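Since this is a predicted model, take the numbers as computed values, not measurements.
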Amino acid sequence: MLPLKIGACLKTDEIALHREWLFEADRDIEVQDFMTHAALTGEFEARIAAAKTALAGHAGRVGIHGPYEGLDLDNKDAELRPLITARFLRALEAADRIGARQMVLHSPYTRWYQNNLLCAEAKLERIQSVLTPVVRAAEDMGITLVIENIQDVDPTTRRKMVESFASPSVALSIDTGHAHLARCMSGAPPVDYFVRDAGEQLQHVHIQDVDGYADRHWAPGEGDIEWSAVFRALSACASAPHLVLELRNKADIPKGYAYLKGLGLVA
């Protein structure tokens, strides 16, 4: 198993703190400045300018985390769905303008859904209503929307949703901490099973550790995820996903990286 290169999720004013580590090895960066209403409205131009400045000289891959609070892909209110679409399109514009080629969106699937599969067809129709214009715009821009597991229990459900778009601009993201929480709380399979189920649809991974109780976003090694199993699965993934540490305390990025490097899993 060859070590894999990882990067990090950061706001633009945090990139400088890890610039040498990120830039010298052209590591993946996920910019997390475009998730809020303020960021996509009154602060929009200023945040784009700041992101361009922070990323100047970086030759690695860049993505952004899209907005998600109150923006359910499966919103049942037909009047609200176009507003959600518009917010995603605005974030997609930001991604394109700063040179990002991925945008993370949150999955709408939950444990409740897995026990109520009779609503599957209507749910998928609502998701497609919200996302289809965004997918078309992403195709035109050469950007991939990656759908991150949040409360997902069965990884095949989200994969089939992604496949329903039949577009290279929709793919899968896995958050290792969310997957492990789903295993502990809802009987989901282990994290490496999420990776293997995703296969070549996997384009993005949030790397964070948890204890099975809450969404800690700890550095790897602080929780109880089986990292060797996760990286064995990732090393078999031919799609070369963006791999980024998503830690609550950005000062822990060197510690999390050092832990995984000590296991021989990352470069």
Side-chain angles (χ1 to χ4, degrees), residues 7-19 22 28-56 58 61-108 126-127 129-138 140-151 169-170 173 175 177-178 204 206 208 214-217 242 244-253:
C9 303
L10 296 159
K11 291 186 176 180
T12 54
D13 60 0
E14 298 167 331
I15 290 174
L17 300 174
H18 305 282
R19 183 181 177 88
L22 290 165
D28 297 333
I29 296 177
E30 181 182 314
V31 177
Q32 298 198 310
D33 287 60
F34 299 99
M35 297 188 286
T36 66
H37 174 265
L40 296 173
T41 53
E43 301 172 4
F44 191 64
E45 294 297 335
R47 286 183 182 250
I48 287 174
K52 286 181 176 180
T53 298
L55 292 168
H58 178 252
R61 301 181 297 185
V62 177
I64 72 166
H65 199 305
Y68 60 90
E69 291 185 344
L71 304 175
D72 186 3
L73 292 180
D74 179 34
N75 194 298
K76 294 180 174 62
D77 189 321
E79 189 173 357
L80 293 178
R81 287 198 289 271
L83 299 178
I84 297 170
T85 299
R87 192 62 49 79
F88 291 155
L89 287 170
R90 183 68 159 168
L92 199 61
E93 178 190 343
D96 190 45
R97 288 178 60 183
I98 71 168
R101 287 297 166 258
Q102 279 190 354
M103 185 167 83
V104 179
L105 297 177
H106 281 186
S107 170
R126 291 190 296 268
I127 294 168
S129 172
V130 169
L131 269 192
T132 295
V134 189
V135 173
R136 299 294 170 255
D140 291 341
M141 296 176 183
I143 295 173
T144 303
L145 308 173
V146 287
I147 313 301
E148 175 188 358
N149 60 306
I150 304 300
Q151 299 181 50
S169 285
V170 191
S173 165
D175 184 298
H178 297 167
H204 173 272
H206 279 151
Q208 58 130 332
D215 190 18
R216 303 292 196 177
H217 287 269
H242 292 211
V244 284
L245 288 160
E246 190 185 39
L247 307 185
R248 194 174 307 280
N249 184 355
K250 302 303 189 295
D252 285 343
I253 287 173

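- Inter-residue side-chain proximity for His178 and Gln208 is flagged as met; some heavy-atom pair is nearer than 4.5 Å.
- Closest approach of Glu30 to Gln32, counting heavy atoms only: OE2-NE2, 3.1 Å.
- The minimum heavy-atom distance between Met103 and Ala91, with the atom names listed, is SD-CB, 3.6 Å.
- Ile64 CD1 to Ile29 CD1: the interatomic distance, rounded to the nearest 0.5 Å, is 14.0 Å.
- The line from CZ of Arg126 to CD1 of Ile84 is 11.5 Å long, rounded to the nearest 0.5 Å.
- Here the side chain of Arg248 pairs a donor or acceptor atom with the backbone of Asp215 at under 3.5 angstrom.
- Considering CG of Asn75 and CD1 of Ile127, their distance stands at 11.5 Å, rounded to 0.5 Å.
- For the side-chain contact (heavy atoms from CB on, under 4.5 Å) criterion with Leu10, the lone passing option out of Leu22, Val244, Leu247 is Leu22.
- Between Lys76 and Asp74 there is a salt bridge, with a side-chain nitrogen of the basic residue lying less than 4.0 Å from a carboxylate oxygen of the acidic one.
- A heavy-atom distance below 4.5 Å is not found between the side chains of His58 and Arg19.
- Distance CG/Asp96 to CE/Met141: 5.0 Å, rounded to 0.5 Å.
- The minimum heavy-atom distance linking Phe88 with Leu131 is given by the pair CD1-CD2, 4.2 Å.
- Smallest separation of non-hydrogen atoms from Val62 and Leu55: CG1-CD1, 4.0 Å.
- A side-chain donor-acceptor contact under 3.5 Å links His217 to the backbone of Glu246.
- Just one of Gln102, Arg61, His204, His242 meets the side chain to side chain donor-acceptor pair (under 3.5 Å) condition when paired with Asp28; it is Arg61.
- Between His106 and His65, the closest side-chain pair of non-hydrogen atoms falls below 4.5 Å.
- Contact detail for Phe34 and Ala39: the closest heavy-atom pair is CA-CB, 4.0 Å.
- In this structure, Lys250 places its NZ atom where more than 12 heavy-atom neighbours from other residues, nucleotides or ligands lie under 6.0 Å away.
- The minimum heavy-atom distance linking Leu89 with Ala137 is given by the pair CD2-CB, 3.7 Å.
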Derivation and outcome, side chain to side chain contact (heavy atoms under 4.5 Å, CB included), residues Glu45 and Arg97 = CA-CA 10 Å; Glu45 294 297 335; Arg97 288 178 60 183; 2.7 Å; yes
query = Can you check side chain to side chain contact (heavy atoms under 4.5 Å, CB included) on Glu69 and His37, steps first, answer last?
reply = CA-CA 9 Å; Glu69 291 185 344; His37 174 265; over 6 Å; no
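- Proximity of a side-chain donor or acceptor of Asp33 to a complementary backbone N or O of Thr12 within less than 3.5 Å is detected.
- Two residues are said to be in side-chain contact when any heavy atoms from C-beta on lie closer than 4.5 Å; Leu145 and Leu92 meet this criterion.
- Here the CG-OG distance, from Asn149 to Ser173, works out to 6.5 Å after rounding to the nearest 0.5 Å.
- From Ile15, atom CD1 reaches atom OG1 of Thr53 across 10.5 Å, with rounding to the nearest 0.5 Å.
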